[in-house]
S.K.: 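The structure is given below, and queries will be raised subsequently.
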Amino acid sequence: MKVHSILYVTILFFTQITNAQTIGMSDFFESVQRSHPFFVKESLSVQIEMKGQERYLGDQDWSISVSPYYTYQKPVSSGLGVPEEISIAAGEISAEKALWSTGGRFSVSWTSDYTDQEIPDIVIPFQPQDIVIPAGPARLYTNKLYLMYSQPLLQNYGGTLDRLSYELSDYAVDFTKLQALENQEEFVLDLGMRFLDWTLLSEQNRIAKERLALAEEQLRQIERKWVANLVEKVDVLRTEDAVRIVQQALVLLESQWKAQQAELAVLAQSQELYTRSPEYDLYKIESLPEPDEAVLQLRERSRLLEALNARREQLAHLRTGFAETSRPQLFLSIGAGLQRGDEEFTNSFELDRPDVLVALDFRYPLGNRTAKADVAKTNLEIKQLEKAIEDVGLDLEAGVRNSLISINEMKKVLVLNQEQIESARARTREEVRLYNQGRSDLFFVIQSQDNAAIAKLTYAQNAANYHKLLLQYHALMDELLSQ
């Protein structure tokens, strides 16, 4: 029989698995987090939102404007002191800055102009010679330095509206961070499920290996008995069939184990994972809080609720901005400067003529329906969101209670699985005893051994399901990333 060569290859494979280095679930998570593009993508979404927020800071930057111009005119009217033609070349450069702390606007400007005009002189007839009086300079250079500050006294007092977009973006950044963490936790949950599948395959391989070793030992015993004419040839054939069945199961499990290992190695972008096996205690039972305590903890730290609360605070802040726009606009503007005009270019820079301005500007739209509608709409959105928060809170509570009940019931199933394993072992020992006494058939011995292996496989499968429920519970409690 050639089953021994197949057995040797299979045992060699599992010996390599046993001797290979192991990797725990947390180490696997860290490896994926370092290499998988998903985590980079999620972190970039936060950075993108932060850069979008920074753009509003530009509203505080100095704004520089330059306005050169040239005009030429021939006045349509005529009269005393009215020029026949006039050319003006001028330019203004100004800088303005918005002050978010006050809501005001500060500006400084410099204006220069050159005027070239033809104004007929005033001629008074007189003897012996007419009296000629110049009507005005033919050319004039003017320079002016001016400072202006405008302060809102009602709407936007203290810069409320100036900062509004930036502060609203701050909530958006927080929301994006929470959403990124939530997406990462869902991704890690999926990784954990796959790692548990790999762990389960390793445990199934171990159980099948034990079953194969038992079947091989039994085959050797039956062959010795057959040589001694103590059993029939059919017992040898039955035992050989049992060995082949287990070998087939091992080959199938080997292919599944390798496929799962390759999948996880790709996700972790790690060639080392091809030389490792999972290290995880499937049969460990975890202590969890009571449902009421778990629900209280979840309501205090749920990212989903925190994100919705951030959105509610954002709407409340937006409502404050809309309410601010409903107020009248009243601006106090104060300006002061020095200027000088002269026919000589150099003298025009001797600024000694004061120019002072104090002004009030009042504006108020009658009815103000736009601002009122915005406030009313935002109030309704806040009320809607508050109900959504209540709805999500109930869904989370239902999920936690469902999860804890499922976990606790699965623990009861695992206890029954252990009892089933002990019962199957006792039955196998009894069947072997009866068979050795010639009081039972070998078929019942093989069947009882298979039942014992099936009981172990069922226990392993249920243990893996138990730990999957634990992963889902920790993800629901927003604990998976921290673990």
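Values reported hereafter were calculated over all heavy atoms of this structure, with side chains retained and with hydrogens, waters and symmetry mates removed.
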S.K.: Does Lys51 come within less than 4.0 Å of Glu54, counting only side-chain N to carboxylate O?
M.R.: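 Yes, this pair counts.
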S.K.: If only side-chain N and O atoms count, and only distance matters, is there a donor-acceptor pair under 3.5 Å linking Arg319 with Asn379?
M.R.: yes
S.K.: Measure from the side-chain N and O atoms of Asp391 to the backbone N and O of Lys387, and report whether any donor-acceptor pair falls under 3.5 Å.
M.R.: no
S.K.: Any carboxylate oxygen within less than 4.0 angstrom of a Lys/Arg side-chain nitrogen, looking at Glu263 and Arg194?
M.R.: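 Here Glu263 pairs with Arg194 in a salt bridge, since their nearest N and O are under 4.0 Å apart.
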S.K.: Is the shortest side-chain N to carboxylate O distance from Arg401 to Asp292 below 4.0 Å?
M.R.: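 Counted as a salt bridge, because a side-chain N and a carboxylate O are separated by less than 4.0 Å.
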S.K.: Ignoring hydrogens and geometry beyond distance, is a side-chain donor-acceptor pair present between Glu286 and His474 at under 3.5 Å?
M.R.: yes
S.K.: Donor-acceptor pairs under 3.5 Å, side chain of residues 355-378 to any protein atom, not counting sequence neighbours: which ones?
M.R.:
unit_1 : atom_1 : unit_2 : atom_2 : d
Asp355 : OD2    : Lys144 : NZ     : 2.8
Asp361 : OD2    : Arg363 : NE     : 3.0
Asp361 : OD2    : Arg363 : NH2    : 2.7
Asn368 : ND2    : Ser326 : O      : 2.7
Lys372 : NZ     : Gly367 : O      : 3.4
Lys377 : NZ     : Glu381 : OE2    : 2.6
Thr378 : OG1    : Asp374 : O      : 2.8

S.K.: Show, in sequence, the C-alpha distance, side-chain angles and deciding distance for Lys177 and Glu49, and conclude whether the salt bridge (Lys or Arg N to Asp or Glu O under 4.0 Å) test is met.
M.R.: CA-CA 9 Å; Lys177 288 179 181 178; Glu49 196 67 36; over 6 Å; no
S.K.: Looking at Arg105 and Asp162, is there a salt bridge between them, counting it only when a charged N and a carboxylate O are closer than 4.0 Å?
M.R.: yes
S.K.: Look at Lys383 together with Glu386 and state whether they make a salt bridge at an N to O cut-off of under 4.0 Å.
M.R.: no
S.K.: Quick check: Phe39 with Phe187 (ring centres under 6.0 Å apart)?
M.R.: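 Distance test on ring centres: under 6.0 Å, yes.
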S.K.: Short question: side chain of Lys97, backbone of Gln60 - any donor-acceptor pair under 3.5 Å?
M.R.: yes
S.K.: Does either side chain, that of Ser112 or that of Trp110, offer a donor lying less than 3.5 Å from an acceptor on the other one?
M.R.: yes
S.K.: Does a donor on one side chain sit under 3.5 Å from an acceptor on the other, for Gln184 and Glu42?
M.R.: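 Gln184 vs Glu42: no donor-acceptor pair found between side chains.
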S.K.: Do Asp478 and Arg303 meet the salt-bridge criterion of a basic N to acidic O distance under 4.0 Å?
M.R.: yes
S.K.: With no hydrogens and no angle check, is any side-chain donor or acceptor of Gln339 less than 3.5 Å from a backbone partner on Asn143?
M.R.: no
S.K.: List the atom of Tyr157, the atom of Pro152, and the distance in Å for their closest heavy-atom pair.
M.R.: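 Shortest heavy-atom separation between Tyr157 and Pro152 comes out as CD1-O, 3.1 Å.
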S.K.: Regarding His36 and Gln269, do their side chains bring together a donor and an acceptor under 3.5 Å, going by distance alone?
M.R.: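 Looking only at side-chain atoms, Gln269 and His36 do not form any donor-acceptor pair under 3.5 Å.
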S.K.: One thing to verify: whether Arg299 and Glu397 come together as a salt bridge, which I'm taking to mean a side-chain N less than 4.0 angstrom from a carboxylate O.
M.R.: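 Judged by the 4.0 Å cut-off on N to carboxylate O distance, Glu397 and Arg299 do form a salt bridge.
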S.K.: Please report whether the ring centroid of Phe349 lies less than 6.0 Å from that of Tyr141.
M.R.: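 Aromatic pair excluded; centres sit 6.0 Å or further apart.
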